[in-house]
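Structure record follows, encoded as structure tokens.
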Amino acid sequence: MHPRFNEEEFEKLKKITPIYQWGLETLLTKLKIVHEDLKNFQKRDAIDYVASRIKTPESIAQKLHRLGHTITAESAKTHLRDIAGIRILCPFADDIYFLAKLLRSMPEIGIESEKDYVSNPKPSGYRSYHIITEVPVFYSGKVENVAVEIQIRTEAMNFWATLEHKVRYKYDGKIPQHLGDELVEIANQISQLDNRMFAMHEIVKTQT
């Protein structure tokens, strides 16, 4: 039986979900301005694509269960920092750090934590830059800081993550050793490819 919210807690969860949506939309608006500014005025197109999502109640319940927390709305609000999430895809790995620095300088947006899985990939080979932001949301006469997770990665890193997710789902989270080793090797090759493409980009840029 899959973990799930009981009826009372599900109703409570429905009341807090819009707050995360508002925080998400606030940050997306700021990112849209950043994207247009970079492209039109700074001539640095560091963002290829931006996607966003709010975790489903089923996904929230499963994560709380996996982490050993009670499946309640308050527990989700307290323990989960990725109910609202944004993914930014970049042309080059160097753009990841450029955008991370830019996000740190955004007015009114707080930074709760950062994890650099680009320079320090997970044992599985996973690479991405994670930032937990705190976005102020004004509603019902008060301001509440809402956690929104941002993942920044290249297109190649995202392709790998999508493949790894499919393999993990296929084997119910228990990836066979030989496939796990192959995924790590592919991740290393993708990292080398990202570096070579950036080097090529820099050469072309200096000659134009």
(request) Assess whether atom CG of Asp172 is packed by more than 12 heavy atoms of other residues, nucleotides or ligands within 6.0 Å. (result) no
(message) If the threshold is 4.0 Å, N to carboxylate O, is there a salt bridge linking Glu114 and Arg104?
(response) yes
(message) So that I can tick it off, tell me whether Lys12 and Glu9 are bridged by a salt bridge, with the cut-off set at under 4.0 angstrom between side-chain N and carboxylate O.
(response) yes
(message) Main chain of Leu13, side chain of Thr17: is a donor-acceptor contact present, judged purely on distance under 3.5 Å?
(response) yes
(request) Return yes when atom CD of Glu7 has more than 12 non-hydrogen atoms of other residues, nucleotides or ligands closer than 6.0 Å, and no otherwise. (result) no
(message) Is a donor from one side chain sitting under 3.5 angstrom from an acceptor on the other, for Asp116 and Tyr97?
(response) yes
(request) Report yes if some heavy atom in the side chain of Phe10 is under 4.5 Å from a heavy atom in the side chain of Asn6; otherwise report no. (result) no
(message) Between Ser59 and Thr56 (side chain of the first, backbone of the second, donor and acceptor by atom type, cut-off under 3.5 Å), is there such a pair?
(response) no
(request) Please examine the side chains of Leu80 and Leu64, heavy atoms only from C-beta on, and report whether any two atoms are closer than 4.5 Å. (result) yes
(request) Under the side chain to side chain contact (heavy atoms under 4.5 Å, CB included) rule, what do Asp194 and Ile190 come out as? Steps first, then yes or no, please. (result) CA-CA 6 Å; Asp194 268 334; Ile190 283 175; 4.1 Å; yes
(request) Using a strict cut-off of less than 4.0 Å between a Lys/Arg side-chain nitrogen and an Asp/Glu carboxylate oxygen, indicate whether Glu112 and Arg81 qualify as a salt bridge. (result) yes
(request) Apply the test side-chain hydrogen bond (donor to acceptor under 3.5 Å, both in side chains) to residues Gln151 and Tyr129: give CA-CA distance (whole Å), side-chain angles for both, the deciding distance (0.1 Å), then the verdict. (result) CA-CA 6 Å; Gln151 298 178 357; Tyr129 200 101; over 6 Å; no
(request) Could you tell me whether the side chain of Thr133 and the main chain of Gly110 form a donor-acceptor pair under 3.5 Å? (result) no
(message) Do Phe92 and Glu202 make a side-chain contact, defined as non-hydrogen atoms from C-beta onward lying under 4.5 Å apart?
(response) no
(message) Under 4.0 Å between a side-chain nitrogen and a carboxylate oxygen: does that hold for Glu11 and Lys15?
(response) no
(message) More than 12 heavy atoms of other residues, nucleotides or ligands under 6.0 Å from NZ of Lys122: yes or no?
(response) yes
(request) Pick out which of Ile152, Asp95, Ile88 makes a side-chain contact (heavy atoms from CB on, under 4.5 Å) with Ile47. (result) Ile88
(message) Check this for me: does any side-chain nitrogen of one of Glu58 and Lys63 sit under 4.0 Å from a carboxylate oxygen of the other?
(response) no
(request) Say whether, by atom type as modelled, one donor and one acceptor occur between the side chain of Ser191 and the main chain of Ala187 under 3.5 angstrom. (result) no
(request) Indicate whether the side chain of Gln21 and that of Glu25 have a donor and an acceptor atom separated by less than 3.5 Å. (result) yes
(request) Test salt bridge (charged side-chain N to carboxylate O under 4.0 Å, His left out) on Asp94 and Arg44 and set out the steps. (result) CA-CA 12 Å; Asp94 185 66; Arg44 176 163 185 172; 3.3 Å; yes
(message) Using modelled atom types and a 3.5 Å cut-off, is there a donor and acceptor pairing between side-chain atoms of Arg87 and backbone atoms of Arg153?
(response) no
(request) Any chance you could lay out the side chain to side chain contact (heavy atoms under 4.5 Å, CB included) test for Ile86 and Val50, step after step, and finish with the verdict? (result) CA-CA 7 Å; Ile86 292 173; Val50 177; 3.8 Å; yes
(request) May I ask whether Leu27 and Tyr139 are part of the same hydrophobic cluster, defined by side-chain heavy atoms of I, L, V, M, F, W, Y residues being less than 4.5 angstrom apart, directly or through others? (result) yes
(message) Are there over 12 heavy-atom neighbours, none belonging to His65, within less than 6.0 Å of that residue's NE2?
(response) no
(message) Determine whether a donor-acceptor pair (N or O, by modelled atom type, separation under 3.5 Å) exists between the side chain of Asn40 and the backbone of Glu36.
(response) yes
(request) Kindly indicate whether the side chain of Ser124, heavy atoms from C-beta on, has any atom under 4.5 Å from the side chain of Tyr117. (result) no
(message) Under 3.5 Å, is there a donor on one side chain and an acceptor on the other for Gln192 and Asn188?
(response) no
(request) Please work out which of the three classes, parallel, tilted or perpendicular, describes the rings of Tyr126 and His130, given edges at 30° and 60°. (result) perpendicular
(request) Go through the steps for Leu103 and Ile109 under the test side chain to side chain contact (heavy atoms under 4.5 Å, CB included), then give the verdict. (result) CA-CA 8 Å; Leu103 285 166; Ile109 302 299; over 6 Å; no
